[in-house]
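Comments concern the structure below.
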Amino acid sequence: MASRFNALKADAAWQAIWEERRTFAAKDDSPRPKSYVLEMFPYPSGKIHMGHVRNYTMGDVLARFRRMKGMEVLHPMGWDAFGMPAENAAMEKGVHPGAWTYQNIDTMRAQLKRIGFGLDWTRELATCDPEYYGQEQALFLDMVEAGLVYRKESAVNWDPVDMTVLANEQVIDGKGWRSGATVERRKLSQWFLKITDFADELLDGLGELKDWPDKVKLMQENWIGKSQGLQFRFTVSDGGAVEVFTTRPDTIFGASFVAIAADHPLALKLAEGNPEIAAFSERCRAGGTSAAEIETQEKLGYNTGLTATHPFDPEWSLPVYIANFVLMDYGVGAVFGVPAHDQRDLDFARKYDLPVKRVVSDGNTDAPEFAGDEAYTGPGKLVNSQFLDGMEIAEAKKAVINRAEGEGWGKGTTVWRLRDWGVSRQRYWGTPIPIIHCESCGPVPVPRDQLPVTLPEDVSFDVPGNPLDRHPTWKHVACPKCGKPARRETDTLDTFVDSSWYFVRFASQPSDAPFNKKVAEQWLPVKQYIGGVEHAILHLLYARFWTRALRHMGQLDIAEPFAGLFTQGMVTHETYKSAEGKWLSPQDIRDGVEIATGQPITTGRVEKMSKSKKNTVDPGPIVEQYGADAVRWFMLSDSPPERDLEWSEAGIEGAWRFVQRLWRLFDGLEPAEGEDKALTRKLHQTIAGVAQDIERLSFNKAVAKLYELVNAIEKAKPSAARGDAIRTLIRVVAPMAPHIAEEAWAKVGEDGLVADATWPEIDTAMLVEDEVTIAVQVNGKLRDTLLMAKGAAKDDVEAAALASEKIVRMLEGKPPRKVIVVPDRLVNVVA
RNA sequence: GCGGACGUGGCGAAAUUGGUAGACGCACGGGACUUAAAAUCCCUUGGCCGAAAGGCCGUGCGGGUUCGAGUCCCGCCGUCCGCACCA
């Protein structure tokens, strides 16, 4: 009688052995081909959640599989450990952010180990370790020296709740991404990284990323937002000039107004002497930036009374408006309006009764009068445009740019949506920016031998704002240049800086440098990076920028950090509400009623697990109940990895049952004689199929194939082939269910660890069936099937099909009009 | 508004280049074993008609291409995601 698989005992035993033998420690000097598998490192928020489990299980299966295929695999883990939750905890619980963070790391590390991930813990790092952020400070200073960092007084997004500056990317619909508070504009001196210097490279580089999802590449492309056009000058009636940018210089003869932003220097100047303009500008600034507001917001303009002279006609003057739809921080903050061929301009022109002149033919009419409220933005030839008449749009664009450049009033330009990366944060729990401000010398880099600039431990969080700024002594230092009293920079770096190079530090972590070039280049780029799609823009763009900056500085000869990217779906769960409409957790209910009150509950939509909806399932107790392999198996089953996975009790039960089924096979293995060609064939097909599925990260398909194989083995009669299939199965399931695989490996008397075993060889002859089922169709509808030898001659197959009783009956004695034979597949008889 | 993805049984899903739709899992139902339960095993399960053999219908909807369409093309509908007054 077969015993039960004791998962808890086996999990602990094998995890201890892997740890003791350092099974998963990657060797830099290994002669094997190298493969770097990385999942996005977690923020140590307290406990791991199901999303982590799914993410790391996927990476682990791939990493373990590649090891078995003979590669030296780097599969490290660390902690994205700086950030605001630690400060929030400090404020709420009075615990130091560092203590809180390291405590969480200890908890989560133990949890990850409990699931048996094959991780190289010898390379573990936390971004809040001075050994890490000190090297980051060194890299920051390198960037300062390379001219990639600058300081700028600028209007910033100020989050009044978190009391910090946010990057544009961290402002969502005008609200702070974390606090949700409405963001204000403030002027502060900030440090910026010149990511825009790399805009072109970052855009072009996307083309090389064959193993990235198109969706992510497109999102980055849109974010970088390259626009080519003409920047040119209008002479204004006050004697000055206004620069505008347009992507449609071809439509220049359709212009009917010039519009400038409320924050445009000219508008500010006009507002000084004119309260009406000042009031209007104020109204523009107050306008919301949320999607809904923009859609409903009316186009508003204020006619300044000034006019601009058309560059091609000194007699032609255009009114200059201040308009609420023109943004100061895009292009040059001013546009020329061509209502006939731009919807926004048309809305504006209709409202203020400005001329609307057609300059691109829509193919139906060339008349200058433009009717209707829908701008024509399609292709066509230029009309009513003097020397441009008859040209195609692209041709006309070039012609106008040539004239502008030749006559010196404009220039072909590229404008980017991407802005430089503001990295200053007025927070404590982050990497201190290694700069000292001196009244005489200005900002001075901290000398290298004084790195790391460490955070002071004795800080308080009883009031909002930056504790570094309030600290009695920390910021007071002597200027490294002149020795006079000076002040430390009290801002810290955006935590996205920390995650922009951790993958390099994993590959190489000397104590005296950020990394060793040669060693890091052996591992990089990351072959497969796995994480959530929520990082499609911010983290992935910053990391790409950082890598290119390192290359620019000659520190690392790698262009792209992540050769392959996979964005996995979320783990979801049903939601429940009590009779009073409060969220209930799955533990609060049983059989459709709330346990505490006996009241019936309502079941809501399946949503991403979140604390606020109380639909989370803590992996901890689940692993203790079912064992690590069952949890891993469930994470890989059913849903394709890029889609959401719904957690369910039935699902984990099913996974657990499968683990027990495996064990009955392994445990019941007994010697037997004889062949079983069909089973051996199934085995080899499964080995090949699972390997392919794992490489493609199609884990759900690999799981299905393994179920099929197990079904086949269970049904097969005892034979040597069956015994062989069971022994081989141990290795095939090992990447996914490593604990039971080790247990079985030892039980059947194999040497060493299955983790060190090689992936089973495939007998390619076994992949090919020697008999095939051929579908027989009449007019494309299945009527019969034939079992024939593989590779049977076309004529034989056709003859067999036409001889089929059913086909004969269907044809009623008439000859077929046509017969199509697809070898080894089907016969279609056209009646 | 712009861009993208998706739509297949009661559910999660498979279906390599157009070639037997629904593999595999979950759930449901029936049965075996058991004093009973759990566990395990076996059978059934897209819909309709039929005792059965068999037939008809079926991949969001409407067209089209093809010997043959879940897959390709055109037009709709719906869901989800990203961006958004970007000149």
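In what follows, every chain begins at residue 1, and chains take the letters A, B, ... in the order their sequences are listed.
Taking syn as a glycosidic angle within 90° of 0, B:G75 does not qualify and is anti.
Of the candidates B:A87, B:C67, B:A13, B:A13 carries the atom nearest the A:Ser639 side chain, counting heavy atoms from C-beta on. Closest contact between the side chain of A:Ala650 and the listed nucleotides B:G25, B:A27, B:A87 involves B:A27. Candidate nucleotides B:C85, B:C26, B:G82 were compared by shortest atom distance to the side chain of A:Arg657, and B:C26 ranks first. Each of B:A39, B:U20, B:C56 was ranked by its minimum atom distance to the side chain of A:Arg4; first place goes to B:A39. When each of B:C86, B:C41, B:C67 is scored by its nearest atom to the side-chain atoms of A:Glu714, the top-ranked nucleotide is B:C41. Between B:G19, B:U40, B:C56, one nucleotide has an atom nearer to the side chain of A:Arg783 than all others, and that is B:C56. Side-chain proximity of A:Trp223 to the nucleotides B:C83, B:A13, B:C41 is greatest for B:C83. Among B:C85, B:C83, B:C41, the nucleotide with an atom closest to any side-chain atom of A:Arg417 is B:C83.
Whole-Å rounding puts the A:Phe325 CZ to B:G1 C1' distance at 16 Å. Computed from coordinates, the A:Leu782 CG to B:A69 P distance equals 13 Å when rounded to whole Å. Distance, A:Asp638 CG to B:G22 P: 19 Å, rounded to whole Å. Per the geometry, CH2 belonging to A:Trp656 stands 18 Å off P belonging to B:G25, to the nearest Å. Taking atom CD of residue A:Glu798 and atom C1' of nucleotide B:C67, one finds them 13 Å apart after rounding to whole Å. What separates CD of A:Gln343 from P of B:C86 is a distance of 11 Å, to the nearest Å. One atom, CD1 of A:Ile820, and another, P of B:U20, lie 14 Å apart when rounded to the nearest Å. In this structure, A:Asn324 places its CG atom 12 Å from P of B:C86, rounding to the nearest Å.
For B:C2, the paired nucleotide is B:G82, the pair qualifying as Watson-Crick or G-U wobble because both relevant distances are below 3.5 Å. Pair assignment for B:C11: B:G25, on the basis of Watson-Crick or G-U wobble contacts that are both within less than 3.5 Å. Of the nucleotides present, none pairs with B:A37 by Watson-Crick or G-U wobble criteria with both distances under 3.5 Å. In this entry B:A87 has no Watson-Crick or G-U wobble partner, no candidate having both defining distances under 3.5 Å.
At a threshold of 4.0 angstrom between heavy atoms, the contacts of A:Arg825 are confined to the sugar-phosphate backbone, with no base atom among them. When heavy atoms are screened at a 4.0 angstrom cut-off, A:Val830 is found touching the sugar-phosphate backbone but no base atom. Using a 4.0 Å heavy-atom distance criterion, A:Thr785 is classed as a base contact. Note on A:Val776: nothing from the nucleic acid sits closer than 4.0 angstrom, heavy atoms only. Within the nucleic acid shown, A:Leu826 comes within 4.0 Å of at least one base atom, counting heavy atoms only. No contact: A:Arg817 has no heavy atom under 4.0 Å from any strand.
As rounded to the nearest Å, B:A15 and B:G63 have C1' atoms that lie 25 Å from one another. Nucleotides B:G68 and B:G18 have their C1' atoms positioned 8 Å apart, rounded to a whole Å. The gap from the P atom of B:G29 to that of B:G47 amounts to 16 Å, rounded to the nearest Å. A distance of about 49 Å separates the P atoms of B:G4 and B:G54, rounded to the whole Å. Rounded to the nearest Å, the gap between the P atom of B:U40 and that of B:A27 is 11 Å. B:G3 and B:C86: their P atoms are spaced 13 Å apart (whole Å). A gap of 13 Å separates the P atoms of B:U16 and B:U71, to the nearest Å. If you take atom P in B:C57 and the same atom in B:A38, they sit 44 Å apart, rounded to whole Å.
For residues 242-260 of chain A, the side chain to side chain donor-acceptor pair (under 3.5 Å) pairs, not counting sequence neighbours, are A:Gln231-A:Glu243, A:Arg248-A:Asp250.
In this view, A:His539 and A:Tyr529, A:His535 satisfy the ring-ring contact (aromatic ring centres under 6.0 Å, His included) rule, not counting sequence neighbours.
Residues A:Thr57 and A:Leu636 meet the side-chain proximity criterion, which asks for heavy atoms closer than 4.5 Å. Side-chain contact between A:Met736 and A:Val733 is absent, with no heavy atoms from C-beta onward closer than 4.5 Å.
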message = Applying side-chain hydrogen bond (donor to acceptor under 3.5 Å, both in side chains) to A:Tyr376 and A:Glu374, what does each step give before you reach the verdict?
response = CA-CA 7 Å; A:Tyr376 180 72; A:Glu374 223 169 292; over 6 Å; no
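The aromatic rings of A:His310 and A:Phe234 sit perpendicular to each other, their planes meeting at more than 60°, with 30° as the lower class boundary.
Under a cutoff of 6.0 Å and an axis angle of 45°, A:Arg417 and A:Trp223 form a cation-pi pair.
Nearest approach of A:Tyr321 to A:Gly301, heavy atoms of both residues: CD2-C, 4.0 Å.
For A:Asn711, no side-chain nitrogen or oxygen approaches OP1 or OP2 of B:A23 to under 4.0 Å. Contact check, A:Ser648 against B:C26: no side-chain N or O comes under 4.0 Å of OP1 or OP2. Neither OP1 nor OP2 of B:G55 sits under 4.0 Å from any side-chain N or O of A:Lys781. For the OP1/OP2 pair of B:A13 and a distance below 4.0 Å, the side-chain nitrogens and oxygens of A:Arg643 include at least one atom meeting the criterion.
Map A:Thr773 and A:Glu642 each onto its nearest nucleotide of RNA chain B; the residue landing nearer the 5' end is A:Glu642. Along RNA chain B, the nucleotide closest to A:Asp644 and the one closest to A:Asn779 are compared, and the more 5′ of them pairs with A:Asp644.
Taken residue by residue, residues 698-710 of chain A places heavy atoms nearer than 4.0 Å to RNA chain B at A:Asn700, A:Lys701, A:Ala704, A:Tyr707, A:Glu708.
Remark: A:Asp667 does not engage A:Arg4 in a salt bridge, criterion side-chain N to carboxylate O under 4.0 Å. In summary, A:Glu221 and A:Lys226 do not engage in a salt bridge, as defined by a charged side-chain N under 4.0 Å from a carboxylate O.
Tested against A:Asp784 for a side-chain contact (heavy atoms from CB on, under 4.5 Å), the candidates A:Lys806, A:Gln777, A:Glu805 yield a single pass: A:Lys806.
Counting atom types as modelled, A:Lys299 pairs a side-chain N or O with a base atom of B:C85 as donor and acceptor under 3.5 Å.
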